[in-house]
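Worksheet: the structure to be examined is printed underneath.
We're numbering straight along the sequence, starting at 1.
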Amino acid sequence: MSGKPRLTYLNGRGRMEPIRWLLAAAGVEFEEVYLETKEQYDKLIKDGFLLFQQVPLVEIDGMKMVQTRAIMSYIAGKYNLYGKDLKERALIDMYVEGIADLMQMILMFPFSPPDAKEKNLESIKERATNRYFPVFEKVLKQHGQDFLVGNKFSWADVQLMEAILAVEEKIPAVLSGFPQLQVFKTKMSNMPTIKKFLQPGSPRKPPPDAHYVETVLKVFKK
C-alpha cells in the first residue's frame, strides 16, 4: 500500500464528499475506488469490509473505517483540526452537526421527484437563510475572528465552506444578506489547500447529475 488513505464510494459527492473536503483541507493526498455495480458493493459486505453494510469506507492507518462522522472525527483529530481542548471540540461538534442537517437536505435533493424539486429547493433556501447561515454570521461577527472556533482553522470551517458552495450552486445569491460569511468564503477560498481543491482536476466532485442518481439507485438497490 502507498500509505495514502483509500476511499471507497461512488464517483460522486454523496456522503464521501465532506471526507474528501476534510482530507484535502488537511493537505492529505488520497486514493479512490469507485463502486459502479451492486456486485462490487455486495462483495465488500461479504468480505466483511463494511461493519454496518454501508459506505463510505475509508482505509487509513491500518483501519477500515465506516460511518461518516467517525471517519471525520478521526481525520480532524489526526491533522489537528479539532480544537485545542474539550470545550472547543464541543463547539466544533455543534457546528458540524448543524451544518450536516443542512447538507442532508442538499444530499437528498437530486433524488426528489420532479414535482417536488421546486418545493424542496425552497426548503433549502428557507433553512439556509433563516436557520443555519444566521448562526455562523453571528458567531463570526461576535468574536471578530477569521475562523469559527478559537481563531484557528478547524473541521467546522471546512464543513461550513462546503455547505456555502453547495447552497450557492442552487441559490447563487444566498449570501447576499450575510457579509461576514462573504468575507469568510473569500478567505477560505484563498487558503492554499482549499484553493487547490477548488481547482479543476482536483478530487472534488461535480454536482450530482442524472447518471450519478442512476448509479446510486443501481448500486444500492435492495
Side-chain angles (χ1 to χ4, degrees), residues 5-25 28-45 50 53-58 66-69 71-72 75 96 99-129 132-133 158-176 181 185 188-189 193-222:
R6 180 180 164 103
L7 282 50
T8 301
Y9 198 70
L10 291 90
N11 187 6
R13 289 184 183 174
R15 298 192 187 281
M16 186 65 91
E17 193 70 353
I19 297 167
R20 295 183 188 108
W21 264 92
L22 193 56
L23 285 167
V28 180
E29 291 187 356
F30 50 87
E31 297 172 348
E32 297 203 63
V33 176
Y34 297 129
L35 298 177
E36 289 168 354
T37 65
K38 188 172 190 309
E39 288 71 31
Q40 286 174 294
Y41 176 55
D42 288 344
K43 186 174 189 311
L44 283 176
I45 295 172
L50 305 178
Q53 302 187 13
Q54 292 172 313
V55 287
L57 166 68
V58 174
V66 293
Q67 298 299 318
T68 307
R69 179 65 205 254
I71 294 165
M72 294 182 74
I75 293 165
V96 161
I99 297 161
D101 290 344
L102 176 60
M103 290 303 288
Q104 176 66 13
M105 296 174 75
I106 291 166
L107 189 75
M108 297 314 295
F109 181 77
F111 301 92
S112 312
D115 59 348
K117 280 220 173 353
E118 201 168 316
K119 180 169 169 280
N120 290 350
L121 191 59
E122 201 50 47
S123 294
I124 290 169
K125 182 180 179 180
E126 194 274 328
R127 289 283 179 89
T129 54
Y132 296 107
F133 288 174
V158 182
Q159 287 274 93
L160 179 55
M161 182 64 177
E162 182 192 359
I164 286 171
L165 296 184
V167 177
E168 276 188 332
E169 282 173 351
K170 296 179 169 32
I171 306 141
V174 75
L175 288 190
S176 59
L181 289 181
K185 178 190 156 189
M188 289 288 284
S189 301
T193 55
I194 290 185
K195 191 172 185 175
K196 185 179 176 187
F197 191 60
L198 295 175
Q199 300 299 315
S202 86
R204 185 181 178 218
K205 304 302 179 219
D209 58 11
H211 175 70
Y212 172 72
V213 170
E214 194 181 297
T215 308
V216 169
L217 296 175
K218 180 175 74 177
V219 171
F220 299 133
K221 72 180 175 199
K222 296 288 183 232

Quiz item: Is the NZ or CZ atom of K38 positioned over F220's six-membered ring, under 6.0 angstrom from the centre and within 45° of the axis?
Solution: no
Practice problem: Look at R20 together with E17 and state whether they make a salt bridge at an N to O cut-off of under 4.0 Å. | Solution: yes
Quiz prompt | Electrostatic pair E32:K205 at N-O distance under 4.0 angstrom | solution = yes
Practice problem: Please name the pair of heavy atoms, one in W21 and one in R204, separated by the smallest distance, quoted to 0.1 Å. | Solution: CZ2-NE, 4.0 Å
Self-check item: Qualifying residues under side chain to side chain contact (heavy atoms under 4.5 Å, CB included), relative to S123, sequence neighbours excluded
Solution: M105
Quiz item: Do any N or O atoms from the side chain of T215 and from the backbone of H211 form a donor-acceptor pair under 3.5 angstrom?
Solution: yes
Quiz item: Between the main-chain N or O of P110 and the side-chain N or O of Y212, is there a donor-acceptor pair closer than 3.5 Å?
Solution: no
Quiz item: Counting distance only, does the side-chain N/O of Q199 pair as donor-acceptor with the main-chain N or O of K196 below 3.5 Å?
Solution: no
Quiz item: Are the side chains of I164 and F133 in touch, meaning some heavy atoms are under 4.5 Å apart?
Solution: yes
Quiz item: Got a donor-acceptor contact below 3.5 angstrom from the E126 side chain to the E122 backbone?
Solution: no
Quiz item: Which atom pair, heavy atoms only, marks the closest approach of A166 to M103?
Solution: CB-CE, 4.1 Å
Quiz item: At what distance, to the nearest 0.5 angstrom, does CG of L57 lie from OH of Y9?
Solution: 12.0 Å
Quiz item: Between K117 and S112, is there a donor-acceptor pair closer than 3.5 Å when you use the side chain of the first and the backbone of the second?
Solution: yes
Exercise. Kindly compute the distance separating CD1 (I106) from CD1 (I124), expressed to the nearest 0.5 Å.
Key: 5.5 Å
Self-check item: salt bridge (charged side-chain N to carboxylate O under 4.0 Å, His left out) involving K125 - partner list, sequence neighbours excluded
Solution: none
Quiz prompt | No-hydrogen, no-angle side-chain donor-acceptor test under 3.5 Å, R15 and Q67 | solution = no
